Amino acid sequence: MRELWHRLESVARARPSAYSAAQLTIWVASSAAAMLFAVFAVARHRAYQSTAYDFGFFDQVVWNTSNGDWFQTSFVEYNFLGQHFEPILLVFAGFYRLGAGPESMLLAQSLFAGAAAIPLFYATTRISGSPGAGITLALAYLLNPGLHRALDFDFHPEVMAFPFVFMALYFAASARPAQAASAILPVLLLKEDMAFLVLAFAAILWAQRHRKHAAVLGTVGLGWIVLVGFVLMPAVRGGESDLAERYSYVTEDSRPATVVPIAAWRGGVRLATATAGGAAGLEASLAGVPLLHPASLLAAVPAVLNGLADHPQQSRLDLQYGVAPLALSLVAAAFALGDLTHRRRIGAISLGRLDILRMPTVLAGVVMVAAISFLLGSPFSPRFAGYTPDAAHRQSIAIALEGIPPEASISSQGTLLPHLSQRKEVWEFPDLRDADYVIIDRDLPITDQGARSRFRHRPRNAARARLFQHPGARQRARVPPRRFAMKVVAIIPALNEEAAIAGVVHELRSGVLDEIIVVDNGSTDRTAEVALAAGARVVHQPERGYGAACIAGVDADPDASAFVFLDGDATEVTSDLAQMIAAVLDGRVQFALGTRSGKSAPGANPWQQRLGNRLLTTLLNRLTGAHLADLPSLKVVDGPTLRALNVRDRRYGWTAELLTRAAMRKCTFLEFPRGLKQRKGRSKVTGSLLRNLRVGYAIAATIIRVWRSERAHPASFEPGGSGVARPSPR
């Protein structure tokens with residue numbers, strides 16, 4: 001026994017080798033990272049922070065497949081395999097058959113992402129001969145904000161490509177080309193564009209003089225692209241994918257003779273303005289080490305293909321769109337560290353003369369940059385803590401959702417939909433279609449994508465269920481079906497706005513509006529012609545006056561579900577317009593106001609205008625008991641509420657009358673702080689101090705007149721029905 005004790009003591013005192021210590025470190029770090037990724041993902045989903053696009057999308061596809069409806073979905077008009085070719089989802093469908101749920105996808109993705117650090121460590125160590133280089137690059141991968149942003153965006157199969165890429169790198173570094181090819185081929189099951197990773201490794205094997213294996217691998221990769229991208233997917237969807245719209249801008253409005261130079265120009269502009277920044281950020285997160293090796297050119301292929309898309313996240317290589325460029329950049333970084341370790345040349349430069357590129361300095365720089373990148377750019381960083389519903393809130397949502405029949409069709413808020421997507425028909429609110437239930441939580445966000453999608457389809461009559469806020473809980477409440485299609489109309493009173501009106505109309509046309517009405521208020525320039533050419537409907541109101549123009553616009557389309565009012569001088573900031581419209585359409589409020597309390601462009605909001613607005617708003621608040629911050633020009637108003645208020649002022653007091661009547665009748669408001677952009681042309685009001693005083697006096701008189709009228713003849717709204725407002729707790 002004493003001899004055994006001495007042996008154990010000698011083993012305990014023995015100092016492990018640097019390689020053994022590095023192995024232990026990376027295995028522990030990889031395991032810890034996988035667990036943390038899984039905890040974050042599952043907690044986020046359970047806190048109703050996952051999203052319809054794309055987690056609810058994947059959940060419905062896998063659930064349908066597990067029940068025999070192979071790759072069917074209600075998110076697009078055709079089979080999912082026509083949208084993305086991802087056979088790996090069959091594996092998750094098998095898990096669903098065994099009783100698993102959507103969290104199984106999050107757990108698998110987290111495991112793959114965390115475990116990928118291990119083959120990256122061994123590959124880099126094999127290439128460089130330095131365990132320090134291996135552990136440094138593996139830790140830089142685990143701390144990379146690009147990886148974290150992809151993981152934070154719920155589930156996407158391509159994120160699971162990392163371990164296959166790094167295992168292929170290890171076998172390529174070990175001069176085992178057959179095993180390298182076998183290791184990279186499974187990425188073809190993750191997504192159709194992962195074939196470019198296969199082609200990248202064909203290029204690597206070719207550079208290593210494994211020409212036979214490289215040729216076979218390259219042929220498989222190219223054949224897969226042709227077969228899947230140009231034969232199978234078009235056959236499944238029966239036409240062009242809606243994703244093709246992301247690239248249509250490159251050649252639209254061009255002729256055969258000019259299509260090539262126009263496409264080159266537009267594509268170059270997109271890459272320079274959007275993709276260059278994302279690519280630079282990706283390389284910077286690795287301290288620029290990948291750029292020290294020619295293999296970094298491999299990452300340029302998926303970067304350019306994604307960068308050319310007219311989609312913000314895709315063109316910036318953000319979220320899952322950065323997976324392939326990041327993986328290949330790490331491959332290039334491993335080769336670069338090998339060159340640095342062995343003091344090879346980079347181009348015509350001898351590394352022996354560059355002391356700054358010695359290995360300890362480079363590794364220290366990579367670690368420091370990785371830590372800084374994590375703190376500044378990772379969604380898992382303490383700097384990016386967001387809103388999470390508390391336990392009582394989550395419990396109340398769960399209780400409400402349990403009452404939804406499993407066979408019912410659903411239109412649901414994006415963050416609630418992944419908990420309701422295991423059914424035949426689901427859509428993200430405000431896309432209603434034929435939904436039996438509409439599920440809303442006023443404290444959770446409505447995504448821009450959801451706000452845009454609703455306007456591609458019109459709801460029909462159906463029984464609706466909504467979530468309304470109550471003290472301590474939420475409940476489902478039936479409300480009568482709407483007897484008309486939801487329609488949102490923008491009304492722009494315009495007087496001599498020839499210089500600005502086209503830009504205003506074009507900006508609104510890219511949003512969520514069904515119709516844009518420009519009311520020509522007796523212009524003496526070409527305002528009407530320019531607005532009509534820009535795509536707006538023009539209504540002529542020769543009687544001068546802001547109120548007269550607004551009334552004419554409403555009368556031109558009186559049955560709209562909601563009206564958007566804004567000026568035609570290009571000063572409005574409309575970035576929150578989709579959220580403002582959604583707040584009114586989902587019944588949370590009757591007025592969404594774009595208050596001018598944010599930062600404005602120099603001269604856009606002069607002192608006399610700010611002072612006047614403050615005085616008039618204070619007067620309205622004191623008389624009515626409201627708590628408004630402004631009498632803004634940008635406002636979204638519920639259609640039935642506007643018709644019931646019957647605002648008749650035909651001059652500058654129209655907005656004051658509208659808001660005073662609404663406040664006196666206890667309508668609900670939601671304010672969106674914003675600034676103002678630089679005005680195009682001369683202001684009709686603020687250009688003269690005397691005119692400011694006259695307009696201010698008229699507005700104050702209107703507020704007092706309407707307040708007295710409402711006090712003398714009080715009116716109230718009844719909830720429900722057509723043409724009346726539906727008050728709800730503020």
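Bear in mind the structure is a predicted one, so any value in this text is a computation, not a measurement.
The distance from the CD1 atom of I404 to the CD1 atom of I439 is 3.5 Å, given to the nearest 0.5 Å. Interatomic distance, CE of M194 versus CG of L189, reported as 12.0 Å (0.5 Å rounding).
For A200 against L328, the heavy-atom pair with the smallest separation is CB-CD2, 3.8 Å. For the pair S285 and P145, the tightest heavy-atom approach, listed with the atom from each and the gap, is CB-CD, 4.4 Å. Counting all heavy atoms, side chain and backbone alike, Q320 lies closest to D54 at NE2-OD2, 4.1 Å. In this structure, L420 and S412 approach most closely via the heavy-atom pair CD1-OG, 3.8 Å. Contact detail for H45 and P102: the closest heavy-atom pair is NE2-CG, 4.1 Å. Between P157 and I88, the shortest heavy-atom contact is CB-CG2, 3.7 Å.
For an aromatic pair to be called close, the ring centres must be under 6.0 Å apart, and F55 with F153 fails this. Between F80 and F57, the distance separating the two ring centers is shorter than 6.0 angstrom. Taking the centre of each ring, F58 and H156 come in below the 6.0 Å mark. Ring centroid separation for the pair F155 and F92 comes in under the 6.0 Å cut-off.
A donor-acceptor contact shorter than 3.5 Å links the side chain of S128 to the backbone of T124. Of the possible polar contacts, one joining the Q60 side chain to the R423 backbone as a donor-acceptor pair under 3.5 Å is found.
Of the residues listed (L90, L89, V61), the one engaging W70 in a side-chain contact (heavy atoms from CB on, under 4.5 Å) is L90, and it is the only one. Each of Q313, H311, R149 was evaluated against D318; a single residue qualifies, R149, per the side-chain hydrogen bond (donor to acceptor under 3.5 Å, both in side chains) test. Evaluated for a side-chain contact (heavy atoms from CB on, under 4.5 Å) with N144, the options L139, L286, L282 yield exactly one hit, L286. With F166 as the partner, the ring pair (Phe, Tyr, Trp, His ring centres under 6.0 Å) test is satisfied by one option alone out of Y141, F201, F112, F121: Y141.
Note on residues 182-205: pairs passing side chain to side chain donor-acceptor pair (under 3.5 Å), not counting sequence neighbours, are H84-E192, E158-K191.
Between the side chains of E428 and S411, not a single donor N or O lies within less than 3.5 Å of an accepting N or O.
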